[in-house]
Amino acid sequence: MTNEGRDAYVPAQVEAKWQRLWEERGTNSYTREKLEGAANPFFNLMMFPYPSAEGLHVGNIYAFTGADVHGRYQRMRGHDVFEPIGFDAFGIHSENFALKRGIHPMDLIPSNVKNFTRQLRRTGGMFDWRHIVDTTDPAYYKWTQWVFLQLFKAGLAERKEAPVNWCPSCKTVLANEQVIGGACERCGTPVEQRRIAQWFFTITRYAQRLLDNLATLDWSDSTRKAQENWIGRSEGAELRFPVLDAEGRETGTRIDVFTTRPDTIFGATYMVLSPEHPLVDEVTEEGQRPRVFAYREEAARKDLVARQKMDKTKTGVFTGGYCRNPATGKAIPIWIADYVLMEYGTGAIMAVPGHDERDFEFATAFDLPIVRVVAGEGQTADTPLSEAFSGDGILVNSGDFDGMPWEEGKREITEWLADAGLGESRINYRLHDWCISRQRYWGPPIPIIHCDACGPVAVPEEDLPVVLPRVEDFKPDDSGISPLARVEEWYRTTCPRCGSGARRETDVSDTFLDSGWYFLRYPSTDFEDRAFDQDMTSKWLPVKTYIGGNEHAVLHLMYSRFLTMVLHDLGLLPFEEPFTRFRAHGLITHDGAKMSKSKGNVVIPDPIIEEFGADTFRIYLMFLGPFEEGGDYRDEGIQGPHGFLHRLWDTVLSSADGEPDAAVERKIHRTVKQVTEQLPTLQYNTAVAALMECLNAVRAGGRQAVRAEVEPLVRMVAPFAPHVAEELWERLGNEGSIFHGAEWPSYDEAKTVDETVKVAVQVNGKLRGTVDVAPGSEQEAVVKLAQEEENVARHLEGLTVRKVVFVKDRLVNFVVS
RNA sequence: GCCGGGGUGGCGGAAUGGUAGACGCGGCGGCCUCAAAAGCCGCUGUCCUCACGGGCAUGCGGGUUCGACUCCCGCCCCCGGCACCA
């Protein structure tokens, strides 16, 4: 095939042309009227990027392309697809980077955003640039502050003192997930613990609903499971142990413990308090004080994560105090140990060394009594314990409950103790309240005013936004106090309630709050006087498809669900789950390894797009592996999709009028069927392969294609390679954009079937030949043909056919002996 | 330790229990071209055989089945997440 008389495919030209035309014609953007009037709305959301200075990386583009292919496909099916994009630009990463560079974030972020925008446009996503969101724009964070106020007014924002991870080098509070092995994830400095008063959203009140609703969501299983585990519901009982004085009399104080095994209470031979437990002082006997306090101080020096991750060897100190086991009536010693966490349950446990691995280890180390209270099969009350036994069994050494299966004992013992006023059944969650305070500069100020007379008072909504002042020296210092606390002219204000002198809250809020509601803002960015418009919101939300990384499977998605639920309960949203369908994309590796700067294997997209074009790059990314699993980026691999588009270009431009070849036509119908089935389920790699196969069939033997053969191909390629599809569509004589209407091709089921099918012929399960038959041929005819096949006949010679297995259109298997 | 996802040619990866390796990369040979870019044709799991054909092959070991990459049981390894959660 020659190129004579036709211009060659030059991706840069084609792509520049169509990006310009989309822009001019407003192909991908909605006016407010169009948003309001959309007949068939489809909100196609992808996780918005964090605009770092390095620019978009391949991982971003991979995710966005996968989402964009989906959006474009839905559009070609006739949906009004709204595909917005934005920038999640507040937060510690930007701030630290700005500090390192010596550029103010208010200068740095806009230039990053500009660069991201350029790159995003270049990749050919159908983003609606009229509806972008930038979390650092006062016009946006005004409403982030408004969201905070709605929770505050609903009593869901609480100020409480809490231990936090403190990085003495970054001079900042770290989230647990930012602490790796006891050290700051960014600088490696060992992390300490501090106590600071902070704002929390009481997400734990929603734990059960967040858990229950999971069943109703069309989400990746792995994501749902991650959420379930994070919520961590466990059923058990809260039991009360009376504290005893030196003479063995009850002091009136009781220690609450949470346990999932109330059935083992007869085996509780000691009690352990977390070092931070408020009753430590009270129960500690005079002579033990120095040791107990020393231990407590040591524990406080460790960060929260180290506390949990530390060595398996148990440490602890006896307080000298005792409490009464309410089941046995016996006095048991009270210890403190750092393996008991203040954050979980009640911060105190009844230790049952016979049936809990950790307690067993502790009891062994400190020579505390170990009693068996559950006997498994073949065991008795006296079978010695060489390790904690947590299996199934019946209760022993448990007074009246002896002989009872442990599951039943759980209920019975809880009931018994409840009747005695010593406990009740309880459900506990691992989920913690959401700490939204950040003692940093680069975030939206929390809209609260502290008044000596009135306490914390909400900033009146008409005074929003509380603008983050431009402060040249925003570096955090050792005080642990927010940088805004140094800006007196900013924080000095008057109380909105009583008018006396007051101070602004100087903490800013967590970036997860910015991203916890951004999807609500997108359709309503045309409204300046409300966070989200009621009509617009009920028209476009909840989000139809949300695509993003599994690294946000827990926090971002959980917080978004929580905020949506709260806003629903406040009567502000008609739905309580924001994302109908969520799919997590996989991870892109490079030469078999995760990309990282230290390995030097990071793929920079710009030069690739420059050399091969965005269309080729998009197809390659979608082709290199299953979208939900990721794949390996190999530099040479891009040649395949590159050649594919060149061949498509040549084939389309050299196509002639005429009737399609029958066999080719069938191939096309089969391809339309396959691709139509696979695009909605994100099986992009196999869909692309099918398109390649189809083009190969159209071109087989160097034949000239006819237009009816290439046209469906151009349409099917469009979601993957939108620019070249537009160009070819135009050159085929069509007016306007290929994405303008419902241009997705349809197929005829009857034409997906070939004239003949190859049937495999096996002898004893081994392939010995194939025969061509008409589809749907019956057993008798096929078997006859099969027996005549030369090679098959040889393998059957002299043998008795005992059985014939026949699968229509697939195979014949002769079972012989 | 727990939860999730994986292990298939030189490589990325395909395969409703029914011809394992689609599609693509890379490699080898050839064509077109002054040349390059793009393109075209053929071969390419492995071993035996000049060939026809045959043996062996989907992490390892068993099992179910006429037939297993696919289902069941028991292991090993890799990736991601969580981790003293009482």
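Just so we're on the same page: letters track the sequence lines, and every chain starts at 1.
Using a 4.0 Å heavy-atom criterion, one finds that A:Lys766 contacts the sugar-phosphate atoms exclusively. When heavy atoms are screened at a 4.0 angstrom cut-off, A:Arg802 is found touching no nucleic acid atom at all. Nucleic acid contact class of A:Asn791 (heavy atoms, under 4.0 Å, all strands): sugar-phosphate only. Across all strands shown, A:Gly643 has heavy atoms under 4.0 Å from sugar-phosphate atoms exclusively, and none from any base. Residue A:Gly631 is in sugar-phosphate contact alone, with no base atom involved, counting any heavy-atom pair closer than 4.0 Å across all strands shown. In this structure, A:Thr223 reaches neither bases nor backbone, as no heavy-atom distance under 4.0 Å exists between it and the strands shown. In this structure, A:Leu624 reaches the sugar-phosphate backbone alone: every heavy-atom distance under 4.0 Å involves primed, P, OP1 or OP2 atoms, never a base. A:Arg358 comes within contact range of at least one nucleobase, with a heavy-atom separation under 4.0 Å. Using a 4.0 Å heavy-atom cutoff across all strands shown, A:Gln762 reaches at least one base atom of the nucleic acid. Residue A:His590 is out of contact with every strand shown, counting any heavy-atom pair closer than 4.0 Å. Contact annotation for A:Asp356: no contact, since no heavy-atom pair falls under 4.0 Å across all strands. At a threshold of 4.0 angstrom between heavy atoms, the contacts of A:Gly345 with the nucleic acid are absent. Residue A:Asn696 is in sugar-phosphate contact alone, with no base atom involved, counting any heavy-atom pair closer than 4.0 Å across all strands shown.
One P atom belongs to B:rA83, the other to B:rC69, and the distance between them is 40 Å to the nearest Å. Rounded to whole Å, the C1' atom of B:rG59 lies 7 Å from the corresponding atom of B:rC76. Rounded to the nearest Å, the gap between the C1' atom of B:rA15 and that of B:rG21 is 9 Å. When the P atom is used for both B:rG17 and B:rG27, the distance is 37 Å, rounded to whole Å. One P atom belongs to B:rA20, the other to B:rU70, and the distance between them is 14 Å to the nearest Å. To the nearest whole angstrom, the two C1' atoms, one in B:rC60 and one in B:rG67, are 22 Å apart. Nucleotides B:rA14 and B:rG62, compared at atom C1', are 28 Å apart to the nearest Å. Using atom P as the reference point in both B:rC52 and B:rU44, the two lie 12 Å apart (nearest Å).
Outside the 6.0 Å centre-distance limit, the rings of A:Phe623 and A:Tyr684 are not counted as a close aromatic pair.
Relative orientation of the A:Tyr62 and A:His585 rings is perpendicular, given thresholds of 30° and 60° on the angle between their planes. Using bins of under 30°, 30° to 60° and over 60° for the plane-to-plane angle, the ring pair A:Phe366/A:Phe362 lands in the tilted bin.
The pair A:Arg794-A:Glu790 does not meet the salt-bridge criterion, since no charged nitrogen lies less than 4.0 angstrom from a carboxylate oxygen. Note on A:Arg254 versus A:Asp256: no salt bridge recorded, every NZ/NE/NH1/NH2 to OD/OE distance being 4.0 Å or above. Between A:Lys808 and A:Glu778, at least one side-chain nitrogen of the basic residue sits less than 4.0 Å from a carboxylate oxygen of the acidic one, meeting the salt-bridge criterion.
Comparing B:rG67, B:rA86, B:rG39 by their closest approach to the side chain of A:Tyr344 singles out B:rA86. Across B:rA38, B:rA86, B:rG18, the shortest atom-to-atom separation from the side chain of A:Leu341 is found for B:rA86. Among the nucleotides B:rG18, B:rC3, B:rU19, the one closest to any side-chain atom of A:Lys758 is B:rU19. The side chain of A:Glu693 lies closest to B:rA22 when the candidates are B:rC66, B:rA22, B:rA86. Of all nucleotides listed (B:rG13, B:rU19, B:rG18), B:rG18 comes nearest to the side chain of A:Asn813. The side chain of A:Ala760 lies closest to B:rU19 when the candidates are B:rC84, B:rU19, B:rG13. Of all nucleotides listed (B:rC66, B:rC23, B:rG4), B:rC23 comes nearest to the side chain of A:Ala689. Minimum atom distance to the side chain of A:His795 is reached by B:rG53, of the listed B:rC84, B:rG53, B:rC40.
In this structure, A:Asn685 reaches the B:rA14 phosphate: one of its side-chain N or O atoms is under 4.0 Å from OP1 or OP2.
Nearest-nucleotide assignment on RNA chain B puts the 5′-proximal partner with A:Glu790, out of A:Glu790 and A:Asn764. Sequence order on RNA chain B of the closest nucleotides to A:Arg768 and A:Glu636 puts A:Glu636 first from the 5' end.
When Watson-Crick and G-U wobble pairs are counted only if both distances are under 3.5 Å, B:rA51 pairs with no nucleotide at all. With a 3.5 Å ceiling on both atom-pair distances, the Watson-Crick or G-U wobble partner of B:rC2 is B:rG81. Base-pair partner of B:rU65: not found among the strands shown (Watson-Crick or G-U wobble, both distances under 3.5 Å). Base pairing analysis places B:rC56 opposite B:rG45; the two distances defining the Watson-Crick or G-U wobble pair are each below 3.5 Å. Nucleotide B:rU70 has no partner under the Watson-Crick or G-U criteria, as no pair reaches both atom distances under 3.5 Å. Across every strand in view, B:rG21 sits unpaired, with no contact that passes the Watson-Crick or G-U test at under 3.5 angstrom.
No donor-acceptor pair closer than 3.5 Å links the side chain of A:Gln787 to the backbone N or O of A:Val792.
Between A:Ile638 atom CD1 and B:rG26 atom C1' the separation is 15 Å, expressed in whole Å. At whole-Å resolution of the value, CD in A:Gln678 and P in B:rA14 are 10 Å apart. In this structure, A:Trp649 atom CH2 and B:rA37 atom C1' are separated by 16 Å, rounded to whole Å. B:rG4 atom P lies 16 Å from atom CD of A:Glu629, rounded to whole Å. When the C1' atom of B:rC3 is taken as reference, atom CZ of A:Arg430 falls 11 Å away, rounded to whole Å. Across the protein-nucleic acid pair, A:Lys410 atom NZ and B:rA86 atom P stand 10 Å apart, rounded to whole Å. The nearest whole Å value for the distance from the OH atom in A:Tyr429 to the C1' atom in B:rC82 is 20 Å.
Remark: A:Trp649 CH2 to A:Leu645 CG distance equals 10.5 Å, nearest 0.5 Å.
Under the 4.5 Å side-chain criterion, counting only non-hydrogen atoms from C-beta, A:Glu361 is not in contact with A:Thr364.
Because its glycosidic torsion is more than 90° from 0, B:rG80 is reported here as anti.
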